[in-house]
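Reminder, nothing fancy here: chain letters follow the sequence lines and each chain counts from 1.
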Amino acid sequence: MPELKFILESFLFVSEEPLTLEKMRAALPFTDTKGIKEALQSLKNEYDQRQGSICLIEVAGGYQLRTRSEYADWIKKIIQTSAQRLSPAALETLAIIAYKQPIMRSDIEHIRGVDTGGIIRMLLDRKLIKILGRKEIPGRPLIYATTRYFLEIFGLRDIKDLPAPKDISDLGKPVVDAPE
Amino acid sequence: MPELKFILESFLFVSEEPLTLEKMRAALPFTDTKGIKEALQSLKNEYDQRQGSICLIEVAGGYQLRTRSEYADWIKKIIQTSAQRLSPAALETLAIIAYKQPIMRSDIEHIRGVDTGGIIRMLLDRKLIKILGRKEIPGRPLIYATTRYFLEIFGLRDIKDLPAPKDISDLGKPVVDAPE
Amino acid sequence: MCSDIYKVQLENIFEGPMDLLVYLIRKNEVNIYDIPISMITDRYLDYIEWMKSMNVDIAGDFLVMAATLIQIKSRMLLPVHDDSDEEDPRQEITRPLLEYLQMKAAALQLNERDMLGEHTFIRSPSKISDPGTLPDHEIRVDIFDLIKAFQRIIENLSSDISLDVVADKLSIKDRMIELSHLLKEKGFLIFQELIGNAAGKADIIVTFLAILEMVKRNAAHVIQRDDTDTITLYLNEITHA
């Protein structure tokens, strides 16, 4: 039988999505979660020492092989990438939803001070946010939350992995990019 | 600049098809085909010596990273457990049942304009819909409704939580997000 | 029309009143905890005036904020009672500003992360550019996909609704007879061709309704092949004698 870490490597290599420990365990009945975690750590160390173009990261509740960011500019020469970047307004809306979820549209607009319907719809289309349900208040407005895909895109292990927003007292002298 | 063989590795990692020498050359103007071939050979040797789950092969006029055949049986185990997609037709049928339930098959087919027998059976198999009973009209046709599992899958507490198309059109048009 | 050419969208400059306020506070280097409300209000109104003179459409949000600022300014002018249980009127603007700045900072932090498809890549990059129906659960759809599917159906059916107005019931019946004859003659009909040959919207609707009615009455059935979008109409064998 091949080494456990290489079996796991083959799993990660063929998976389109971050692979959870539970899924790996279900496919490997002879081992336990602890054994899998150790093998993944050893694989990760090997990739880190090698300093090649591939690394193993923990993301969106699972594990995934990805390229190192130093190779991004090279990779873009070989594959077409559609613009993934978000406008400042979309990023702001996404940040509000990420930090305040579950949240209603009216609360988002209260914070941003502008209509956000079109941006919410674009974020829904891009699967960065989802409709979580309705709030039990008059009008039963929809409430929104971020998706697992959001975690994947921003390389977050889970939503608690988001950096704590800067302390309000630090913001007295705001450093924001204002238009010229 | 990273090592040439690792740049090539990143190219192979993200390419869904075998990569030709010409394509690699076009992305690396500072080098020639000979240099690329040598770097690929050195990468191949490294993979062979390592004896991990991945190897570099020459195939269909190009180069590709693949898993070694010894891992095929393991990989099958992990692929079986991955998520399934619903086809657009299935999604439409499910949407009609969700919004118009309880509903007869003939009404679903009236709305979709096509035969839906196969899709209904698949949705029944996947426990997304259930037979609620029979309608007391001639022929006593079966009537369908969504299941509790359906609510779980879509993260709904109650079928009343189902957003209406109006909720989405209220958001307005998605903004075209073109930063810079 | 001519003036439209020179119209500038205010949103393109400042997306909303909060954006404008942040800009003014930063530009004038004021302490956010001690906003010189009179000065900021004046600058804010100057800006709105300038925009008006430039023929810019000013969104209602900007005017609401202007009213709020003026109201705070006037409350600041009232004599302060020294038993001051009363909150600083400026809190009404300081608190939301701080929250907004906090979220703006959070957005910048998000933006600094290595983004998939931009800084880092997985083995199937097509998945990034087309998240398609992505999973939060075992089945790869979310509720938004479901609504969109339903919305599509409704949009496609809208002809069904206008039909009562447009179409004459007799002509549907006529069209059914016509279609039955055609079907008997040819054995099958391609839906897209029927629609393509129709003269005008009303005709399309009548044809569509006639087909629906025939299917409903079990006089015909419709088959859509999986590999193409072609919808074919067949005549049913008459089983009831």
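- At a 4.5 Å heavy-atom cutoff, the contact between B:L65 and chain A is made by backbone and side-chain atoms alike.
- Contacts with chain A were tallied for B:I168, B:T67, B:I7, B:L162; B:I7 has the most, counting heavy-atom pairs under 4.5 Å.
- Within the 4.5 angstrom heavy-atom criterion, no atom of A:E109 approaches chain B.
- With respect to chain A, the highest number of heavy-atom pairs below 4.5 Å among B:L171, B:D170, B:L8 belongs to B:L171.
- Side-chain atoms of A:R68 come within 3.5 Å of backbone N or O of A:I54 as a donor-acceptor pair.
- Contacts between A:Q51 and chain B at a heavy-atom distance below 4.5 Å involve the backbone alone (N, CA, C, O).
- Ranked by heavy-atom pairs under 4.5 Å with chain B, the first of A:D115, A:L91, A:V14 is A:V14.
- Residue pairs meeting the ring pair (Phe, Tyr, Trp, His ring centres under 6.0 Å) criterion with at least one partner in residues 17-55 of chain A, sequence neighbours excluded, are A:F30-B:W74.
- A 6.0 Å sphere centred on CZ of B:R134 holds more than 12 heavy atoms belonging to other residues, nucleotides or ligands.
- Contact annotation for B:L43: only side-chain heavy atoms (C-beta onward) come within less than 4.5 Å of a heavy atom of chain A.
- Both the backbone and the side chain of B:R50 come within contact range of chain A, with heavy atoms under 4.5 Å apart.
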>> Show, in sequence, the C-alpha distance, side-chain angles and deciding distance for B:N45 and B:Q41, and conclude whether the side chain to side chain donor-acceptor pair (under 3.5 Å) test is met.
In response: CA-CA 6 Å; B:N45 293 345; B:Q41 188 57 52; 3.1 Å; yes
> Could you walk me through whether A:Y63 and A:I57 pass the side chain to side chain contact (heavy atoms under 4.5 Å, CB included) check?
Replying inline: CA-CA 6 Å; A:Y63 293 79; A:I57 63 157; over 6 Å; no
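- Residue pairs satisfying the salt bridge (Lys or Arg N to Asp or Glu O under 4.0 Å) criterion with at least one member in residues 19-32 of chain B, sequence neighbours excluded, are absent.
- For B:K160, the parts lying near chain A are the backbone and the side chain together; criterion is any non-hydrogen pair under 4.5 Å.
- Taking the charged nitrogens against the carboxylate oxygens, A:K44 and A:D48 do have a contact shorter than 4.0 Å, which makes a salt bridge.
- Looking at A:L123, there are no atoms closer than 4.5 Å to chain B (heavy atoms on both sides), in backbone or side chain.
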